[in-house]
Amino acid sequence: MLSLPARRIATCYLTLIGGKMSTSAAAKDLNKDLCGMLKQLAEYELAVNKNMYKSRAYKQAAATLAKLDYKVSSGEEAKKLKGIGDKISKKIDEFLATGTLKKLDNIHKDANSEAIILLSRVHGIGSAKARELVTDFGVNSLEQLRQRQDELNLNHHQLIGIKYFEDFEQQIPRKEIIKVEKIVKDHIANFDPELQVTFCGSYRREKPESGDMDILVTKSSYVSTCEKKEGSTILRNFVSELEKIQLITDTISIGDVKFMGVSNIGRVKGHEKKDALYRHVDIRVCPSDQYHCHILHFTGSSLFNTNMRQHALSQGYTLNEYSLRPVGTAGTAGSPVIINTERDIFEYIDYPYREPKDRND
DNA sequence: AATAGACCCGT
DNA sequence: ACGGGTC
């Protein structure tokens with residue numbers, strides 16, 4: 001039968017972790033059902049309608065509700081919150097009254113939409129490819145995707161996504177990342193003590209679990225005036241060392257400064273474990289003089305980056321992972337401001353400093 | 001209509 | 001160079 005694993009987005013991102021409770025929210029998320037509804041709408045807008053803006057609006061609304069320490073009892077009440085206007089407020093009312101949302105029911109009844117949403121969950125398959133698979137090839141399940149992969153014009157990235165579909169959907173416990181970090185740092189210290197390795201992403205934000213692992217690599221003698229080749233050599237050597245100890249098992253893509261691939265801690269000597277999961281890994285190499293902008297960028301969250309960069313613009317600066325530069329009247333960026341710490345970047349643009357753990361939005 | 005900014009891949 | 005995907 002072709003019933004898709006219509007797994008309700010079991011988004012459990014507010015979980016209790018080792019006794020520790022996330023700051024504001026109490027133990028349970030009281031608006032879980034409403035958040036689930038909004039997240040499904042967000043997924044639908046992104047995968048099916050390619051509407052990033054609507055999708056983001058729903059995600060933001062869900063994030064706002066998730067943080068409340070009380071249960072929302074009406075749309076009107078919710079409307080006072082940031083990111084919830086007329087339309088979402090009405091949806092909240094409908095959901096509270098009937099327990100469902102007609103719009104969502106209709107989406108779930110629509111086989112094509114459901115299939116597009118499912119296929120979009122494969123790493124490397126976005127809304128365009130998902131739609132193509134459904135409309136041109138009639139694919140509507142993961143099984144079919146797997147069976148017919150040879151005829152579907154899939155690229156390497158997508159093939160890896162299919163291979164590890166189940167594993168990639170699993171969150172990585174913080175404990176596991178700590179182990180990987182130790183393995184990597186210990187090994188690299190012997191290989192080249194000048195390399196500096198920093199694990200970033202949600203791990204650095206102290207999340208109890210992460211969707212992937214983000215590793216930033218830098219080297220004091222590698223600075224932005226060096227030839228580009230220098231960085232790509234560092235990246236390739238670094239990756240090749242991790243392949244040697246079997247931590248890295250697949251490459252999705254590798255360029256001059258960025259690697260995307262797969263790791264499995266269970267294949268590393270001393271950590272043998274047959275059922276260890278395959279994890280998504282991103283590695284980025286940067287010149288040491290750009291380290292602070294890079295670590296800021298790579299720590300995220302993505303929403304935090306967007307907000308902070310927007311603020312930078314309002315202060316007359318443009319911020320990216322390389323530098324902070326003043327924007328002249330002509331709109332052209334000036335030369336980079338000298339940065340000595342991550343905190344410097346905040347201070348230059350008058351943005352209140354936030355510890356990594358407080359950068360989730 | 002549109003939020004920052006970029007890298008990598010494939011064509 | 002551009003569209004697609006991901007961070």
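Each chain gets a letter, A, B and so on, in the order its sequence line appears, and its residues count up from 1. These figures come from a predicted structure and were not determined experimentally.
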Open item on the list: Does anything in residues 180-224 of chain A form a ring pair (Phe, Tyr, Trp, His ring centres under 6.0 Å)? List the pairs, not counting sequence neighbours.
Closed with: none
Task: Counterpart residues, side chain to side chain contact (heavy atoms under 4.5 Å, CB included), relative to A/Asp186 (two or more places apart) - done: A/Lys182
- [ ] Can you tell me, in whole Å, how much space there is between the P of B/dA2 and that of C/dG3?
- [x] 16 Å
TODO: Taking atom C1' in both C/dT6 and B/dA4, compute the distance separating them and give it to the nearest angstrom.
DONE: 15 Å
- [ ] To the nearest Å, give me how far apart CZ (A/Arg56) and P (B/dG5) are.
- [x] 13 Å
Which pairs of donor and acceptor atoms, one on a side chain in residues 263-270 of chain A, lie under 3.5 Å apart (sequence neighbours left out)?
from, atom 1, to, atom 2, distance (Å)
A/Asn264, OD1, A/Gly266, N, 2.7
A/Asn264, ND2, A/Ala276, O, 3.1
A/Arg267, NE, A/Tyr278, OH, 3.2
A/Arg267, NH1, A/Gln246, OE1, 3.4
A/Arg267, NH2, A/Tyr278, OH, 3.4

TODO: Using heavy atoms to find the nearest nucleotide of DNA chain B for A/Gln60 and A/Asp256 separately, return the residue whose nucleotide is more 5′.
DONE: A/Gln60
- [ ] State whether A/Asp86 and A/Lys79 are salt-bridged, where the test is any N-O pair (Lys NZ or Arg NE/NH1/NH2 against Asp/Glu carboxylate O) under 4.0 Å.
- [x] yes
TODO: With sequence neighbours excluded, tell me which residues meet salt bridge (Lys or Arg N to Asp or Glu O under 4.0 Å) with A/Lys273.
DONE: A/Asp275
Task: Between P of B/dT3 and NZ of A/Lys54, the distance in whole Å - done: 18 Å
Enumerate, atom names and distances included, each donor-acceptor pair closer than 3.5 Å involving a side-chain atom of residues 334-341 of chain A, sequence neighbours excluded.
from, atom 1, to, atom 2, distance (Å)
A/Thr341, OG1, A/Arg343, N, 3.3
A/Thr341, OG1, A/Asp344, N, 3.1
A/Thr341, OG1, A/Asp344, OD1, 3.3

Task: Length of the CE-C1' vector between A/Met52 and B/dA2, whole Å - done: 9 Å
Open item on the list: Closer than 4.0 angstrom, basic N to acidic O: yes or no for A/Arg146 and A/Glu143?
Closed with: no
Task: First of A/Val257 and A/Asn51 reached from the 5' end of DNA chain B, by closest nucleotide - done: A/Asn51
TODO: In whole angstrom, give the distance that lies between atom CG of A/Asn305 and atom P of B/dG5.
DONE: 11 Å
- [ ] Please state whether the phosphate of B/dA6, meaning OP1 or OP2, lies under 4.0 angstrom from any side-chain nitrogen or oxygen of A/Asn320.
- [x] yes
Open item on the list: Using OP1 and OP2 only, check whether a side-chain N or O of A/Tyr317 sits under 4.0 Å from B/dA4.
Closed with: no
TODO: Classify the nucleic acid contact of A/Met308 as base, sugar-phosphate or nothing, counting any heavy atom under 4.0 Å across all strands shown.
DONE: nothing
TODO: For A/Ile254, answer base if it contacts any base atom (sugar-phosphate contacts may also be present), sugar-phosphate if it contacts only those atoms, and nothing otherwise; contact means non-hydrogen atoms under 4.0 Å.
DONE: sugar-phosphate
Task: Between B/dT3 (C1') and A/Lys59 (NZ): distance, integer Å - done: 13 Å
Open item on the list: Could you tell me how far apart A/Leu296 (CG) and B/dA6 (C1') are, to the nearest whole angstrom?
Closed with: 15 Å
Open item on the list: In this structure, how many angstroms lie between the P atom of B/dT11 and the CD atom of A/Glu132, rounded?
Closed with: 12 Å
Task: Contact state string [nucleotides 1-7 of chain C, B base, S sugar-phosphate only, - no protein heavy atom under 4.0 Å] - done: ---SSSS
TODO: When you get a sec, tell me which of B/dC8, B/dC7, B/dA4 is the closest nucleotide to the side chain of A/Ser253?
DONE: B/dC8
- [ ] Please state how far atom CG in A/Asn307 lies from atom C1' in B/dG5, giving the value in whole angstrom units.
- [x] 14 Å
